[in-house]
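Single-structure report; data block below.
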Amino acid sequence: MLTCGELLVKLLEDFGVDIVFGIPGVHTVELYRGLPSTRIRHITPRHEQGAGFMADGYARVSGKPGVCFIITGPGMTNIMTAMGQAYGDSIPMLVISSVNNTEQLGMGEGRLHELPSQRSLTAGVTAFSHTLMRPDELPAVLTRAFAIFGSARPRPVHIEIPINVITASADHVNRKLGAIPSRPAACPAAISRAVEVLKAARRPLVFLGGGASHASAEARQLVEALDAPTACTINAKGILPKGHPLSLGSNASLRPVRELVLASDAVLAVGTEMGETDYDLVFDGNLRINCPLIRIDIDPEQINRNFPSDLAIVSDAKMALAAILAQIGKRDADSRQSLGAKLTAEVRTRLDAEWPATWKGQRRTLETLQETLPDVIIVGDSTQPVYSGNHLFEPNAPRSWFNSATGYGTLGYGLPAAVGAKLAAPARPVVALIGDGGLQFTLPELASAIEARAPVIVLLWNNDGYGEIKRYMQERGIPTIGVDIHTPDLLAIAKAFGCGAERASSFVHLRQLLQGAARAERATVIEVREDAAFLREVP
Ligand SMILES: Cc1ncc(C[n+]2csc(CCOP(=O)(O)OP(=O)(O)O)c2C)c(N)n1
Ligand SMILES: [Mg+2]
């Protein structure tokens, strides 16, 4: 007999799944019976939140959904935070869990792992949640999930399988999977209208979001054709190559960019929700757009949120950009004398003059990282050099700088998400940039990194506490309660987990440590202390 659990892993393999992140329990063991007869690798985290964050990091780097196997009840409540982060940042994630037997659902009998309703728990952080009532539903429900991952706004999907269904026979099931739909292309009339507006504009400006990260070639050609200063969200970093003359960085919350937006006569926003953590980081609500706003988004529900558009084009970003590009032609560069590049350079000069002095050491740290490991993927948590890097850092490629300071904004993301990223791109160096507070949220995932042979580099920014929150309290005259936390010897702990562990004493030393860690076969923790003299000596 082939069980439903065995059929599930076969179908996942058919959909191209190669890794599953999970912690088994008595309710889910049947999901594991068929695993050895597939090519799917199982990675075991130390907490379900770690499974979700790993799946997220894997998805961001590979572009494929991260898949998790999770037990009923506590497993699901544990993974909810990671699902919230993935939901906030539109990351594809498939969470497959067990649930109690069909005849027990909703009965409140106090069964093992029982919740009144798991599905209502996950409803707020998923595209959909489905209870599999019969093995026959499996091909259709999986097709529905992968259709969302492939051709809609990606979001987590939750499928819960009652224990009596996981173990039931699936011998009779028709295994035909539906086709993954093509991605939606833009309506030609809307494209023509966009071309008209953009051609007439003398000072166009472009916003790019994570939804355009698979369209970097088209995005770059279009902003160059338009000669348009371009601001990327944090999840869009790298779409324009480092140092591009039209790149405003990720600074749409800051005054120089806001003033440029006000002086623009057309704004094109592509694959961006125009949300608070990218456009209103200081929470003063001040970004104003006083000209026609064209938005391109795959999600019709999203396309008018935050900033209502004058022209709303529902489309895959790559297809819409290519369609506009085909009609726009190169602008007359001579008559404009590269106005866009000039305006961009002015903004960048103003921004450079405004960066706080404390960022100098952090900037040099990030530059050292990039110079030493040009191919690096930096997976950030919510810590000081991540906040400053969100403004200062320009990665060399898309999908190479992302962090949990955006969107849902949860601590503890950096380490497990870096493990997932490393599994998706084993040949590239992967750095988890994380504070001492954030690291202690998911510290045991160092053991998972060792076990998974995922030699991530943890760059630990240590200031013995919740430094950024302390600063925030001080600025507001609030007593600094709860922020000076006891910080254990994290390097000793890392060694006990089997990791390499060193403290950097200079930038030259940091470079040597990074080179060594990039060659190492096990995970390495490199500590940089916020109070280190070499950081303060940066001119
Ligand atoms: C789950 C969660 N709890 C609390 C917070 C609030 N918070 C944001 S940053 C921060 C401090 C983090 O400390 P650390 O990781 O050491 O970074 P530092 O600010 O010291 O650089 C806290 C507590 C959060 N973002 N997420
Ligand atoms: Mg700290």
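All figures in this text were calculated on a predicted structure; none of them were measured in a lab. Values reported hereafter were calculated over all heavy atoms of this structure, with side chains retained and with hydrogens, waters and symmetry mates removed. Indexing begins at 1, ligand by ligand and atom by atom, following the structure's order.
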Give the numbers and elements of all ligand 1 atoms closer than 4.0 Å to a heavy atom of [X].
| X | answer |
| --- | --- |
| Gly409 | 24 (C), 25 (N), 26 (N) |
| Ser382 | 9 (S), 12 (C), 17 (O) |
| Gly438 | 14 (P), 15 (O) |
| Thr383 | 17 (O), 18 (P), 21 (O) |
| Tyr387 | 9 (S) |
| Trp461 | 21 (O) |

Protein residue, atom and distance nearest to [atom], heavy-atom basis:
| atom | answer |
| --- | --- |
| atom 19 (O) of ligand 1 | Glu468 N, 2.8 Å |
| atom 16 (O) of ligand 1 | Gly437 N, 2.7 Å |
| atom 4 (C) of ligand 1 | Leu411 CD1, 4.0 Å |

>> So that I can tick it off, tell me whether Arg305 and Asp299 are bridged by a salt bridge, with the cut-off set at under 4.0 angstrom between side-chain N and carboxylate O.
In response: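 Salt bridge between Asp299 and Arg305, a charged N being under 4.0 Å from a carboxylate O: no.
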
>> Strictly below 4.0 Å, N to O, side chains only: are Asp297 and Arg153 in salt-bridge contact?
In response: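 Salt bridge absent between Asp297 and Arg153.
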
Would a 4.5 Å heavy-atom cut-off, applied to side chains only, mark [X] and [Y] as touching?
| X | Y | value |
| --- | --- | --- |
| His130 | Glu160 | no |
| Leu12 | Phe69 | yes |
| Val379 | Val431 | no |
| Phe402 | Tyr413 | yes |
| Thr272 | Asp278 | no |

> At the Mg ion (ligand 2), what angle lies between atom OD1 of Asn463 and atom O of Gly465, rounded to 10 degrees?
Replying inline: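 Vertex the Mg ion (ligand 2), arms to OD1 of Asn463 and O of Gly465: 90°.
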
> Taking the six-membered ring of Phe128, is NZ or CZ of Arg144 closer than 6.0 Å to its centre and within 45° of its axis?
Replying inline: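 Flagged: Arg144 positioned over aromatic ring of Phe128.
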
> Within 45° of the six-membered ring axis of Tyr472 and under 6.0 Å from that ring's centre, is NZ or CZ of Arg476 located there?
Replying inline: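 Geometry flag: set, cation within 6.0 Å and 45°.
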
>> For N/O/S atoms only: which one belongs to Asp436 and is nearest the Mg ion (ligand 2)?
In response: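 Answer by atom name: OD1.
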
>> Walk me through whether Tyr87 and Tyr408 qualify under ring-ring contact (aromatic ring centres under 6.0 Å, His included).
In response: CA-CA 8 Å; Tyr87 188 82; Tyr408 201 50; 9.0 Å; no

> Given Tyr32 and His42, is the ring-ring contact (aromatic ring centres under 6.0 Å, His included) satisfied, shown in steps?
Replying inline: CA-CA 9 Å; Tyr32 289 77; His42 186 267; 4.8 Å; yes

> What do we get for Tyr408 next to ligand 1 when only non-hydrogen atoms under 4.0 Å count, side chain, backbone, both or neither?
Replying inline: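 Near ligand 1, Tyr408 shows nothing, with every heavy atom at 4.0 Å or more.
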
>> Can you tell me which portion of Asn463 lies within the under-4.0 Å heavy-atom range of ligand 1? Options are side chain, backbone, both, or neither.
In response: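 Answer for Asn463: side chain.
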
>> Tell me whether ligand 1 is touched by Ile469 - counting only heavy atoms on the residue side and a distance under 4.0 Å.
In response: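 For ligand 1, residue contact (heavy atoms, under 4.0 Å) with Ile469 is present.
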
Any N/O pair [X]/ligand 1 closer than 3.5 Å:
| X | result |
| --- | --- |
| Asp381 | no |
| Gly465 | yes |
| Tyr466 | no |
| Gly467 | yes |

